[in-house]
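Sequence lines set the chain letters: A, B, ... in the order given, protein chains first and strands last, and positions in each chain run from 1.
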2 protein chains.
Amino acid sequence: MFIPQQKEEFFQMPTSTTKRDDILDSALTLFAERGFDATTIPMIATDAKVGAGTIYRYFANKEVLVNTLFQHYVTLFKETLEKDYPEEAGIREQFHHLFQGMIRFTNEHDHALYFIKTHTSAYFLDAGSREQFSHLLMILENFFEAGKQQGQIRELPSKALIAIIFGGFLQLYQLIRVGELEASAELLAGVEESCWDAVRHHS
Amino acid sequence: MFIPQQKEEFFQMPTSTTKRDDILDSALTLFAERGFDATTIPMIATDAKVGAGTIYRYFANKEVLVNTLFQHYVTLFKETLEKDYPEEAGIREQFHHLFQGMIRFTNEHDHALYFIKTHTSAYFLDAGSREQFSHLLMILENFFEAGKQQGQIRELPSKALIAIIFGGFLQLYQLIRVGELEASAELLAGVEESCWDAVRHHS
DNA sequence: TTTATAGGAATGAATATTCATTCCGTTTTT
DNA sequence: AAAAACGGAATGAATATTCATTCCTATAAA
């Protein structure tokens, strides 16, 4: 009696989920590489190997698609940063955790951070997307504010510090994606040190 | 005899030059604010207070327009960095010169650096634009290479160092443009120090 | 000095193209 | 066999580009 129902759920979900995910994956890559406006729905459909109409079975329109994608990855990134955050550790170790989070997230979701960064102030983002993004910023702001109070972080507005780290890191990662640099452990360790020196308090 | 001819040149030139410049100015602002693909020719025409067709008197098409703009400002930026470069001074002073160059250039040409940054790897850039841009990078690479040889700059690939500085600075400038931060001398001095600490060799 | 004319610049309506979205016949799943 | 999911051609709106016409300004003619 229950077996058919289980089977139904079991087989139905993957089919649609897979197709939906194919669309999201293709959209992520194309949006990151060419930007929202330069990416057409037919392009996404072709890349995802689905018909153009199929995209509209899963997303009401192009804007819903991009906002879904944006919120999905912002949330995921936020979770990556928060997971196992060493609340009790020293500031340097906390910074390491955040920085490693960026690297891990970028490795696992190739174009995601770049997509987020390049679309952060886009005109088509809805309230939900903006809110998710401000949550993300808040995590980072909290870190820097606490660090400044401890006298361990440079006295600059947290927004400025975030911009320096993020801007720098993502610009660098673009070079890696394009193949101009190789993401060796050595390079990444050096970059972390560089970013840390950019934000820490120097006596 | 000669007076009429002088008059002719004097009055004719400004008319056409001004119109072309109006178009370029409007295009710069709109491309920086909305990106190439989200900016329509009629938008540019309206902003520049010219007819849409007039734009095609000066530029063969939208891509030629954006490439002209790109090359113009990359060249100008390059010149800003090179002008009065203190060849003989210490590395910190040279860095200061370059950093001040970024700031001065950004102040004088509001949207230019941001436009350059956001369109640096765009699909529509032609060979000329890419070449101009690589010249720009070379100036910065030379600086960092020399600094590394003197043991004054961190041992990271120059491209990585450039990415960190530029990415950080431009991300920050975006915040200023959006109004989230104010470009006080204090802030800028702090950011310069932060960037310097990011790239210099720490013993 | 005034009036006519030429030629380049500018215009914006008209056209061609591109793209998001819809629709419907086909295929797949149940 | 019925229902759901798909695909991709068709549609209409938005956009880049063209072009016939108008407008200016500077010279030529009167």
Length of the line joining I55(B):CD1 and dA16(D):C1', which is rounded to integer Å = 11 Å
Tell me: CZ of R57(B) to P of dC23(D), nearest whole Å?
-> 16 Å
Would you mind reading off the distance between I23(A) atom CD1 and dA5(D) atom C1', rounded to a whole angstrom?
-> 12 Å
Ring pair (Phe, Tyr, Trp, His ring centres under 6.0 Å) between F36(B) and H119(B), intermediate numbers included | CA-CA 8 Å; F36(B) 176 77; H119(B) 295 77; 7.1 Å; no
Is the Y73(B) to F77(B) ring centre distance short of 6.0 Å?
-> no
For T39(B), which contact category applies under a 4.0 Å heavy-atom criterion: base, sugar-phosphate, or nothing?
-> sugar-phosphate
Could you state the atom-to-atom distance from CZ of F59(A) to C1' of dA20(C) in whole Å?
-> 16 Å
F115(B) and F70(B) aromatic ring geometry - parallel, tilted or perpendicular at 30°/60° bounds = perpendicular
When the distance from CD1 of I44(B) to P of dA16(D) is rounded to whole Å, what number comes out?
-> 8 Å
Only one of T68(A), T120(A), N67(A) passes side chain to side chain donor-acceptor pair (under 3.5 Å) with S129(A); say which it is.
-> N67(A)
At what distance, to the nearest 0.5 angstrom, does CG of N61(A) lie from CD1 of I41(A)?
-> 8.5 Å
Has Y58(B) got a side-chain N or O lying under 4.0 Å from the OP1 or OP2 atom of dA9(C)?
-> no
Examine dG7(D): is either OP1 or OP2 under 4.0 Å from a nitrogen or oxygen in the side chain of K19(A)? Give yes or no.
-> yes
Hey, are S158(A) and K148(A) close enough side-chain-wise for a donor-acceptor pair under 3.5 Å?
-> yes
Give every pair of a protein N or O atom and an N or O atom of nucleotides 21-25 of chain C that lie under 3.5 Å apart, one pair per line with the distance.
| unit_1 | atom_1 | unit_2 | atom_2 | d |
| --- | --- | --- | --- | --- |
| dT21(C) | OP2 | Y56(A) | OH | 2.7 |
| dT21(C) | OP2 | K62(A) | N | 3.0 |
| dT21(C) | O5' | Y56(A) | OH | 3.4 |

